[in-house]
Amino acid sequence: MAASVMPAADTLTRTLLAAREADWGTWTRDDLERVVATLSWRTAAHDSSELDPGVPGLTCRWEPADDADPCPALHFEVPIPVPAPGPDLPAPSGPGRNLGFGAGLSGESWGLPGAAFPRDRERELDAAHTRLVAAVTAAMGPAPWRGGPGAWLRWRSRTITLRLARDHARGALTMELFPTTTWEAREQRRFASAPGLTGLPYAWCVSRPDMALAELFLPFGPDPRDWDDFAVALPELLASAVTDLPLVGWIEPILLVIGDVARPSRTVELRIGQDRLELGGIPGLSRQVWLRPGAEHGRRAGGLLLDAFAQWGITAAAGMRVRAWTSGGYVDFPGLGIRPEGTHPDDLT
């Protein structure tokens, strides 16, 4: 039988923590070779940047610093396996359906021997992400910094950061280890040089009061290039917040007020929770509530916000402000391109 196997979450966690606790020095090639020898890893014969941590299903690649990207990093990836039909495994039964045998990270057989069932690879990826986050959290404590898109979590120290995320486009879990200072300096440059709201390092984030974040720089997003830039970014940001918030394990709802905050009648209020999305303040509509919302509901909410702004004659993000808060932490939306209330010189007049 052609069965696919993924690494267990505990195995991945032990591998990541061993690499995180290694002495990386100044992240040079010599430091890499020393760490590889210490951890009993191997390098691929055809490419010394391809590493083998000894975990089937886990790929690892070293990205050295160079002139184009001065931040070295160690990249891990675990793709969700695509099972190849074997002699006793029938072909897929229709378009868009895959057949599989593993229900969890360990890949053990499920159900009757040889019994095929339809797979939703996106759900499998989200489940694998949830289990890995739970395993790393059990070992290191809650991540102080989380966000999206990509449902990423960061365990940050002054010297090294571990970042976990999931990549739906590639159908894979991604994990990265990198030196904290140089990576965050690169992020600041990317925020400063971004031509608009697309291509930002992240669109939203939540953080806990934590000394690990005491030196953290949380930049504002760039101003939108124009209204079209904002109109494209808003629905996608809300789609990410709705789908990624449960995956990063932030259980408190996020409250967001957008519009002309000096005129409450021209503001829209959103409540984004683990299994609930609420939208209020849309002209002509009662309060909208979606249970167990998905990305399509976030995009729908974004479209309703844009309709409301059009009715109020708001055609520039510069004329709006945002209020955002959550219990037990802080929330930022740099991907909106709207300044928080009280942070612009015009707010003082």
Side-chain angles (χ1 to χ4, degrees), residues 133 136-137 140-158 160-165 180-181 183-192 194 197 200-223 233-234 236-259 261 267-280 298 301-302 305 317 320-345 347-348:
V133 168
V136 176
T137 299
M140 298 182 59
W145 193 18
R146 325 168 197 197
W152 54 263
L153 301 92
R154 295 193 199 183
W155 284 264
R156 178 189 188 274
S157 71
R158 288 188 173 185
I160 191 170
T161 295
L162 169 63
R163 181 183 186 271
L164 308 184
T180 299
T181 303
W183 183 281
E184 292 175 1
R186 184 182 69 170
E187 282 192 335
Q188 294 180 35
R189 291 192 298 271
R190 289 179 60 188
F191 270 106
L197 300 180
L200 297 178
Y202 54 85
W204 64 273
C205 64
V206 289
S207 56
R208 299 187 301 111
D210 193 296
M211 286 304 295
L213 303 180
E215 300 173 338
L216 186 62
F217 174 77
L218 293 177
F220 294 126
D223 294 331
L234 175 61
E236 294 305 314
L237 182 148
L238 294 179
S240 167
V242 166
T243 56
D244 292 340
L245 188 67
L247 292 175
V248 300
W250 193 267
I251 63 174
E252 300 294 341
I254 292 174
L255 301 179
L256 182 65
V257 177
I258 311 175
V261 295
T267 60
V268 178
E269 176 189 329
L270 294 102
R271 182 183 186 275
I272 306 169
Q274 285 275 330
D275 56 2
R276 187 181 183 96
L277 173 63
E278 299 182 31
L279 174 62
L305 262 66
M320 294 190 288
R321 296 291 180 268
V322 60
R323 296 173 183 162
W325 61 96
T326 185
S327 177
Y330 310 101
V331 58
D332 293 274
F333 286 91
L336 282 176
I338 301 176
R339 298 280 173 153
E341 183 185 19
T343 61
H344 193 277
D347 298 343
L348 302 177

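Please read all numbers here as calculations on a predicted model, not as lab measurements. Along the sequence shown, residues carry numbers from 1.
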### Message
As a quick check of understanding, evaluate side chain to side chain contact (heavy atoms under 4.5 Å, CB included) for W152 and V248, giving each step before the final call.
### Response
CA-CA 7 Å; W152 54 263; V248 300; over 6 Å; no
### Query
Where do L162 and M140 land on the side chain to side chain contact (heavy atoms under 4.5 Å, CB included) test, with the steps shown first?
CA-CA 11 Å; L162 169 63; M140 298 182 59; 4.0 Å; yes
### Query
Does the pair F333 and I254 meet the rule for a side chain to side chain contact (heavy atoms under 4.5 Å, CB included), with working shown?
CA-CA 11 Å; F333 286 91; I254 292 174; 4.0 Å; yes
### Task
Go through the steps to decide whether L197 and L237 satisfy the test side chain to side chain contact (heavy atoms under 4.5 Å, CB included), and finish with yes or no.
CA-CA 10 Å; L197 300 180; L237 182 148; over 6 Å; no
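Atom CZ of residue R146 and atom SG of residue C205 lie 11.5 Å apart, to the nearest 0.5 angstrom. Rounding to the nearest 0.5 angstrom, the gap separating the CG atom in L247 from the CD atom in Q274 is 9.0 Å. Note that the CG atom of L245 and the CD1 atom of I251 stand 10.5 Å from one another [nearest 0.5 Å]. Rounding to the nearest 0.5 angstrom, the gap separating the CE atom in M320 from the CZ atom in R339 is 13.5 Å. Of the inter-residue distances, the one linking I258 atom CD1 with R323 atom CZ reads 12.5 Å to the nearest 0.5 angstrom.
Across all their heavy atoms, L234 and G302 have their closest contact at CD2-O, 3.9 Å. Residue W204 comes nearest to P334 through the heavy atom pair CA-CD, 4.1 Å, listed as atom of the first residue, atom of the second, then distance. Summarising the geometry of V268 relative to G280, their closest heavy-atom pair is CG1-O, 3.4 Å, with the distance given to 0.1 Å. Among all heavy-atom pairs drawn from D223 and G337, the shortest one is OD1-O, 4.3 Å. The heavy-atom pair separating D244 from P149 by the smallest distance is OD2-CA, 3.4 Å. Scanning all heavy atoms of the two residues, the minimum distance from P246 to V242 falls at CD-O, 3.4 Å.
Every side-chain contact (heavy atoms from CB on, under 4.5 Å) that A301 has, sequence neighbours left out, goes to L238, L270, L277, L279, W290. Annotation: side chain to side chain donor-acceptor pair (under 3.5 Å) contacts of E278 (sequence neighbours excluded): R276, R287. In this structure, the side-chain contact (heavy atoms from CB on, under 4.5 Å) partners of L255, at least two apart in sequence or on a different chain, are R271, W325.
By the 4.5 Å heavy-atom criterion applied to side chains, T180 and R158 are not counted as neighbours. At a threshold of 4.5 Å between non-hydrogen side-chain atoms, the residues Y330 and W145 do not count as touching. Looking only at side-chain heavy atoms (C-beta outward), W155 and L164 come within less than 4.5 Å of each other.
Inspection of the W250 and T326 side chains reveals an N or O donor paired with an N or O acceptor under 3.5 Å.
Salt bridge E187/R154: present, at least one basic N to carboxylate O contact under 4.0 Å.
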